[in-house]
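Here is the structure we will look at.
FYI, the numbering just counts along the sequence from 1. We use all heavy atoms of the structure for the numbers below, so side chains are in, but hydrogens, waters and symmetry mates are not. This structure is a prediction, so every number in the text was calculated from the model and none was measured.
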Amino acid sequence: MSEPAFSLGQFTILVDGLDHPEGVAWGADGNWYAGGEAGQIYRIASDGGFTQVASTGGFVLGLALDAHHNIYACDLFQNKVFKVSGAGDVSVYSEGSADRKFVAPNYPVFTDNGDLYVSSSGGFDEKNGCVFMIRPDGETIVASEAIDHFPNGMALSGDGRELYIILSNMPGIVKAAIRSDGTLGEPQLVVELPGTVPDGLAIDAEGNLYIACYAPNKVLRFTAAGVLELAAEDWQSVVLSAPTNIAFGGPDMKYAVFGSLGRWHLSMIEMPVPGARLRYPDLG
């Protein structure tokens, strides 16, 4: 693989002093949001100032937001997806379907109509993961049992018709069409990523995929033309330290922010192509 597309010198620290943040998201209110390993939910301004909005009492992984700035947080330890209001009120949004409960809910993605897809990773190396879908009324179904190799970060295609899913234990990425009933079609291989533990995933406006690798400390780019490239790497684990979730946001969606599970900060870089449109459904 060639030299990295981005040098570590191009990254800045958006915020420091968080509790090993894995999840990161951009809100329609112009703030960044992140989680902590003791259940913290943080709101982060563009200047790096932050406040703790609430706590789920567990270990917060991926995050998503709706049009009213409510936060939907996957909690690893409690095996629930929580809804957190802007005022900090915490309630259970879903624990899984009637027949199957979450096991390590990891990452949420909204569609235009308010369906929330959640990767349920299962046990590492156990092939017992799946993808759930939570309807706006709270009904939860299993959208796919075939996506089972520790499904992790996800991203919605620009047209909203397909879901890209990282399988950390493949390791690699698959995609699946979203059917009219909310279930997912058969997973199709996008790219294999041997020698890595891929974790976070984001897509830009041109369809390029950015992949954060928990190990080793690197970010990969899989272009819309099907070329796998090295975007950035940090062998010292200082700027990108066990990078996890990725979120595009900021003015014109031109910035990418990375969780650093191994440290206490979020790193940020200005990107050559803005991120794909995010969905902030109005759930009433």
Side-chain angles (χ1 to χ4, degrees), residues 1-26 32-37 40 42 44 46-48 50 59-63 76 106-107 121 124 150 152-155 164 166-173 191-204 208-223 227-250 253-275:
M1 199 171 288
S2 61
E3 289 296 307
F6 308 116
S7 71
L8 290 181
Q10 292 177 262
F11 287 81
T12 59
I13 301 302
L14 168 65
V15 61
D16 205 352
L18 307 184
D19 187 5
H20 300 95
E22 168 154 345
V24 59
W26 170 252
W32 299 93
Y33 290 83
E37 69 172 2
Q40 303 96 325
Y42 301 107
I44 304 146
S46 58
D47 64 0
F50 71 91
F59 188 151
V60 173
L61 301 182
L63 307 168
L76 171 66
N106 203 316
Y107 195 82
S121 297
F124 203 75
F150 205 86
N152 201 329
M154 302 191 296
Y164 289 85
I166 281 182
L167 297 178
S168 295
N169 285 161
M170 177 184 282
I173 300 173
V191 61
E192 292 184 287
L193 304 168
T196 71
V197 182
D199 190 293
L201 184 64
I203 187 168
D204 71 17
N208 303 301
L209 297 175
Y210 285 86
I211 307 129
C213 296
Y214 172 81
N217 299 299
K218 64 174 61 175
V219 178
L220 303 174
R221 177 170 60 194
F222 187 68
T223 71
V227 178
L228 184 64
E229 302 171 336
L230 179 62
E233 66 177 339
D234 183 1
W235 65 270
Q236 292 179 309
S237 190
V238 174
V239 177
L240 297 168
S241 181
T244 46
N245 293 175
I246 311 171
F248 276 95
M253 296 292 289
K254 286 293 294 289
Y255 289 88
V257 169
F258 298 81
S260 288
L261 189 58
R263 286 184 176 260
W264 307 274
H265 66 265
L266 300 177
S267 55
M268 179 172 69
I269 186 170
E270 186 171 2
M271 302 295 281
V273 177

Look at the side chain of Thr196 and the backbone N and O of Leu193, then say whether any donor-acceptor pair between them is shorter than 3.5 Å.
yes
Distance-only, no hydrogens or angles: does the His265 side chain make a donor-acceptor pair with backbone N or O of Leu240 under 3.5 Å?
no
How about [X] and [Y]: does a side-chain donor come under 3.5 Å of a side-chain acceptor?
X: Asp234; Y: Asn217; answer: no
X: Thr244; Y: Asp199; answer: no
X: Thr223; Y: Asn208; answer: no

Restricting to non-hydrogen atoms, name the atom on [X] and the atom on [Y] that form the minimum distance, rounded to 0.1 Å.
X: Pro198; Y: Gly172; result: CG-N, 4.1 Å
X: Pro274; Y: Asp204; result: O-CB, 3.2 Å
X: Met170; Y: Ile173; result: SD-N, 4.4 Å
X: Trp32; Y: Val24; result: CE3-CG2, 4.4 Å

Could you pull out all donor-acceptor pairs under 3.5 Å where a side-chain atom in residues 11-23 meets a protein atom, sequence neighbours excluded?
residue: Asp19; atom: OD2; partner: Gln40; partner atom: NE2; Å: 3.0
residue: His20; atom: ND1; partner: Glu37; partner atom: OE2; Å: 3.2
residue: His20; atom: NE2; partner: Trp264; partner atom: NE1; Å: 3.4

Is the OH atom of Tyr214 crowded by more than 12 outside heavy atoms at less than 6.0 Å?
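At most 12 heavy atoms, drawn from other residues, nucleotides or ligands, come within 6.0 Å of this atom.
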Taking ring pair (Phe, Tyr, Trp, His ring centres under 6.0 Å) as the test, write out the residues that go with Phe150, two or more places apart.
Phe124
